[in-house]
Amino acid sequence: MKYLAAEVVQKIQNAIAQLEQEGFLPKGFIVTPEVERPTNPDFGDFSCNYAMKCAQQIKKPPLATARATAEVLAKDQDFFASVTAIKPGFINIKLSPRVLREECRKIRQSGERYGTTDAGRSRRLLLEFVSANPTGPLNIVSARAAAVGDAVANILQSQGVEVSREYYINDAGRQARLLGESMYARLEQQAGRDYPVPAGGYEKDYVQEVAVASANALKNRLAKAVAEQAIDLHKHFGVEAMVERHKISLEKYGVVFDNWFSELSLHAEKKIEAAVADLRARGFVFERDNAVWFASTRFGDDKDRVLKKADGDWAYLAADIAYHRDKFERGFTELVDLWGPDHHGYIARLRAALQALGHAPESFTVHIVQQVNLMEHGNPISMSKRGEGRLLEMDDLLEDVGRDVTRFFFLMRATSAHLDFDLDLARKHSEDNPVYYVQYAYARICSILKKAQAEGLALPSLEQDAWGDQPEREELALVRELVAYPDMLENCTRALEPHGLTFALRDVATSFHRFYTICRVVDPAEPERSRARLALVDAARVVIQNGLTLLGIQAPESM
RNA sequence: GCGCCUGUAGCUCAGUGGAUAGAGCAACGGCCUCCGAAGCCGUGUGUCGGACGUUCGAUUCGUCUCAGGCGCACCA
């Protein structure tokens with residue numbers, strides 16, 4: 001689907017071509033014009049700064065270039081209401097009412113497809129997120145990552161990108177082992193024996209629960225197991241139980257993964273050996289101090305990294321290299337990982353490894369999901385998973401403020417920014433909560449449409465124009481907001497950031513609420529105008545619904 | 001010491017080279033005989049942490065610097 005901005009750019013390019021023909025502009029200078037929404041709506045629907053961008057290159061005063069271009073464009077009166085050249089060299093463009101009407105009609109006609117494109121159809125992208133250690137319940141940062149990852153995946157898919165959501169289960173390392181040991185210790189203590197939880201182990205109540213469950217389920221096998229075997233059995237049971245809990249929590253949150261990838265499977269299928277052999281064949285592996293090393297400094301890392309420790313075990317990095325190598329081998333062309341804030345030092349070495357394996361650095365992107373402070377009464381709540389602090393899990397948060405609010409709040413901020421989650425605000429159900437502000441707009445729209453039906457005013461057919469001859473300022477403002485939706489989605493796609501969408505939806509809601517207070521929609525005395533406005537309201541419904549769907553938030557018909 | 005993230009209104013944050021830097025929250029005051037007042041309207045504050053540089057033009061890019069957060073293992 002092609003949207004307004006692209007059409008405008010095309011027309012500017014045509015104008016440039018014409019000016020080249022006429023000899024006003026030198027031929028073949030390289031500049032792709034771009035358009036943007038001006039900050040000040042008085043400037044029009046779009047503005048273009050190409051004249052200033054290329055001024056030096058073509059040695060022409062930008063205002064002259066802008067004027068000439070504007071003159072050519074302005075002849076297209078069917079499309080443009082006005083095109084003017086301004087001060088330093090901006091070209092300000094106002095679309096004709098016909099074009100806005102047409103776009104508005106397109107919104108209703110496209111319905112849930114409005115805003116989608118197939119621009120990303122050649123991309124196969126694997127998005128890995130959450131990937132929390134299966135040693136305890138999901139915490140708040142995981143909740144943030146889940147909201148962001150899911151929304152990013154939805155947005156990418158709306159642009160035609162083939163996306164797979166994947167969760168990496170760290171079931172092979174020391175943390176998993178510690179869970180098994182902690183479970184074992186709890187059971188020993190329960191049996192009255194003096195057996196301490198190991199240093200760095202897990203001590204919260206869930207350990208007890210899962211340990212008991214494990215003891216019951218594995219009774220027969222545990223009976224003849226020595227301590228070492230018992231720990232291993234508990235570990236496997238515990239990890240599986242935790243993964244199951246993660247799945248349930250995430251499902252309640254509306255996040256479903258396409259694939260849960262086990263680190264153990266890398267070991268079992270000898271994929272780590274294969275990856276290291278691959279690196280070795282390419283000449284980036286060496287031995288030192290009884291360990292096997294990856295020469296990551298060859299790709300800009302601070303120091304070389306150990307792949308296989310002197311004790312013969314693989315380092316975590318080796319498994320991770322194998323894992324990401326496997327992602328590429330499964331046919332994905334782009335890898336995007338969302339990581340927690342404590343892993344950022346790790347990016348350079350993994351990227352180095354993927355480069356060493358022959359992958360372009362751009363094909364691997366890591367976004368750090370920054371830390372979250374839960375704020376209550378103006379003070380942060382501490383949330384340590386293992387230590388003494390109050391345990392605040394993702395489930396607690398969901399129960400406390402609900403799925404829609406949780407997701408929206410996490411999606412209001414740039415992923416890389418630290419986030420203060422204002423619990424007091426999130427808990428407000430009837431006042432200033434931004435989620436309800438958007439949802440309320442949607443519910444209001446549905447209510448209007450119902451009202452119209454009850455009054456015998458039918459929605460105009462999809463072929464009909466969206467508003468009357470003399471639209472109010474608020475009507476125009478609303479249309480402009482709606483029409484900006486596809487471009488905004490494209491920006492979110494490029495940035496792999498969903499927060500622009502939450503802002504855009506709030507803006508649409510604002511425009512709608514303003515429109516609503518000024519413009520009476522359902523008015524049997526004015527059937528023509530009513531129909532026109534109903535069409536506009538219906539278009540707003542489509543955009544809000546599409547946006548909320550991408551964010552994974554309900555669009556309620558009443559609330 | 002090295003690296004990453006962040007410094008924008010009282011608070012929380014948008015703004016990935018453009019025109020008068022914007023929202024929400026908080027504060028105060030208005031608006032319902034009429035489609036949902038979970039709404040609308042009004043009242044105002046900024047050395048965009050600081051310095052230098054690149055540019056026609058910098059909150060945005062670069063270098064330095066100050067402040068806060070986090071990370072720097074043959075842990076995962």
Side-chain angles (χ1 to χ4, degrees), chain A residues 36 38-40 42-43 47 49 52-53 55-56 61-62 86-90 92 133 135 170 172-178 200 263 288-293 302-303 305-317 319-320 340-348 368 370-371 373 375 378 412-414 416-422 424-425 428-441 443-452 454-455 457 474 491 494-495 497 499-500 502-503 506-507 509-510 512-523 530 533-534 537 558-559:
Chain A
E36 58 173 20
T39 43
N40 186 339
D42 294 341
F43 292 147
S47 81
N49 63 0
M52 290 178 287
K53 277 244 167 82
Q56 210 156 41
I86 284 299
K87 288 188 278 184
F90 291 105
N92 287 341
N133 274 336
T135 52
N170 294 123
R174 202 177 72 157
Q175 299 307 324
R177 161 90 194 173
L178 270 172
E263 182 185 358
R288 188 170 74 203
D289 304 335
N290 289 326
V292 178
W293 295 71
D302 297 337
K303 43 189 163 189
R305 307 290 172 176
V306 168
L307 294 171
K308 190 180 220 170
K309 298 182 269 181
D311 66 8
D313 285 346
W314 292 112
Y316 180 78
L317 176 64
D320 225 14
D342 48 344
H343 287 77
H344 66 246
Y346 199 78
I347 299 172
I368 297 297
Q370 274 296 350
Q371 92 186 56
N373 288 316
M375 305 293 287
M412 282 196 301
R413 301 284 175 253
S416 64
H418 299 240
L419 182 146
D420 282 1
F421 193 109
D422 185 344
D424 304 314
L425 180 61
K428 284 192 188 176
H429 278 233
S430 54
E431 289 171 54
D432 310 299
N433 193 318
V435 189
Y436 296 115
Y437 183 76
V438 176
Q439 290 184 321
Y440 181 60
R444 245 183 174 179
I445 287 170
C446 294
S447 170
I448 292 172
L449 295 175
K450 263 182 238 150
K451 167 98 178 168
E455 304 252 338
L457 279 164
E474 285 75 14
N491 286 338
R494 198 176 15 245
E497 277 278 9
H499 75 289
T502 62
F503 280 87
R506 250 193 20 205
D507 289 344
T510 297
F512 171 76
H513 287 309
R514 283 183 185 153
F515 156 81
Y516 172 87
T517 37
I518 301 295
C519 304
R520 176 87 199 176
V521 179
V522 179
D523 185 358
S530 291
R533 287 180 175 171
L534 279 170
V537 166
S558 66
M559 49 196 289

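Protein chains get the first letters and strands the later ones, always in sequence-line order, with residue 1 at the start of each. None of these values were measured; they are calculated from a predicted model.
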Below 4.0 Å: OP1/OP2 of [N] and any side-chain N or O of [X]:
X	N	value
Q175(A)	C75(B)	no
R514(A)	C41(B)	yes
T517(A)	C40(B)	no

Distance check, rounded to the nearest 0.5 Å: N40(A) atom CG versus S47(A) atom OG?
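Between N40(A) CG and S47(A) OG, I get 10.5 Å after rounding to 0.5 Å.
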Rounded to the nearest 0.5 Å, what separation is found between the CG atom of L307(A) and the CG atom of D320(A)?
11.5 Å
Can you tell me, in whole Å, how much space there is between the [atom1] of [N] and that of [M]?
N	M	atom1	value
A51(B)	G15(B)	P	24 Å
C5(B)	C64(B)	P	14 Å
U16(B)	G62(B)	C1'	15 Å
U6(B)	U63(B)	P	15 Å
G7(B)	U47(B)	C1'	14 Å
U8(B)	C48(B)	C1'	4 Å
A27(B)	C61(B)	P	36 Å
G1(B)	U65(B)	P	11 Å

Minimum-distance nucleotide to [X] side chain [options: [options]]:
X	options	value
I448(A)	C35(B), A19(B), A14(B)	C35(B)
K309(A)	G18(B), U12(B), C75(B)	C75(B)
D420(A)	C13(B), G36(B), A19(B)	C13(B)

Taking any strand in view, what nucleotide pairs with G17(B) in a Watson-Crick or G-U wobble way, both distances under 3.5 Å?
none
Ignoring hydrogens and angles, does a donor from either the side chain of S47(A) or the base of A19(B) sit under 3.5 Å from an acceptor on the other?
yes
Within the modelled atom types, does a donor on one side and an acceptor on the other bring the side chain of N92(A) and the base of A19(B) under 3.5 Å apart?
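Looking at the base of A19(B), it does pair with a donor or acceptor on the side chain of N92(A) (distance under 3.5 Å).
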W293(A) versus R288(A), closest heavy-atom pair with distance:
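The answer is NE1-O, 3.0 Å.
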Any idea which heavy atoms bring F503(A) and R413(A) closest together, and the distance?
CZ-NH1, 4.3 Å
Regarding [X], tell me which of base, sugar-phosphate or nothing describes its non-hydrogen contacts under 4.0 Å with the strands shown.
X	result
N49(A)	base
I518(A)	nothing
Q371(A)	sugar-phosphate

Where along nucleotides 3-11 of chain B does protein come under 4.0 Å, by heavy atom, of base (B) or sugar-phosphate alone (S), with - for untouched nucleotides?
BBBS-----
Between Y346(A) and H343(A), how do the two ring planes meet: parallel, tilted or perpendicular, split at 30° and 60°?
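Plane angle over 60°, so perpendicular.
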Can you tell me if Y437(A) is stacked onto the base of A38(B), using a 5.5 Å centroid cut-off and an angle below 30°?
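Stack criterion not met.
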Would you call F90(A) stacked on A19(B), i.e. ring centres under 5.5 Å apart with the planes less than 30° off parallel?
yes
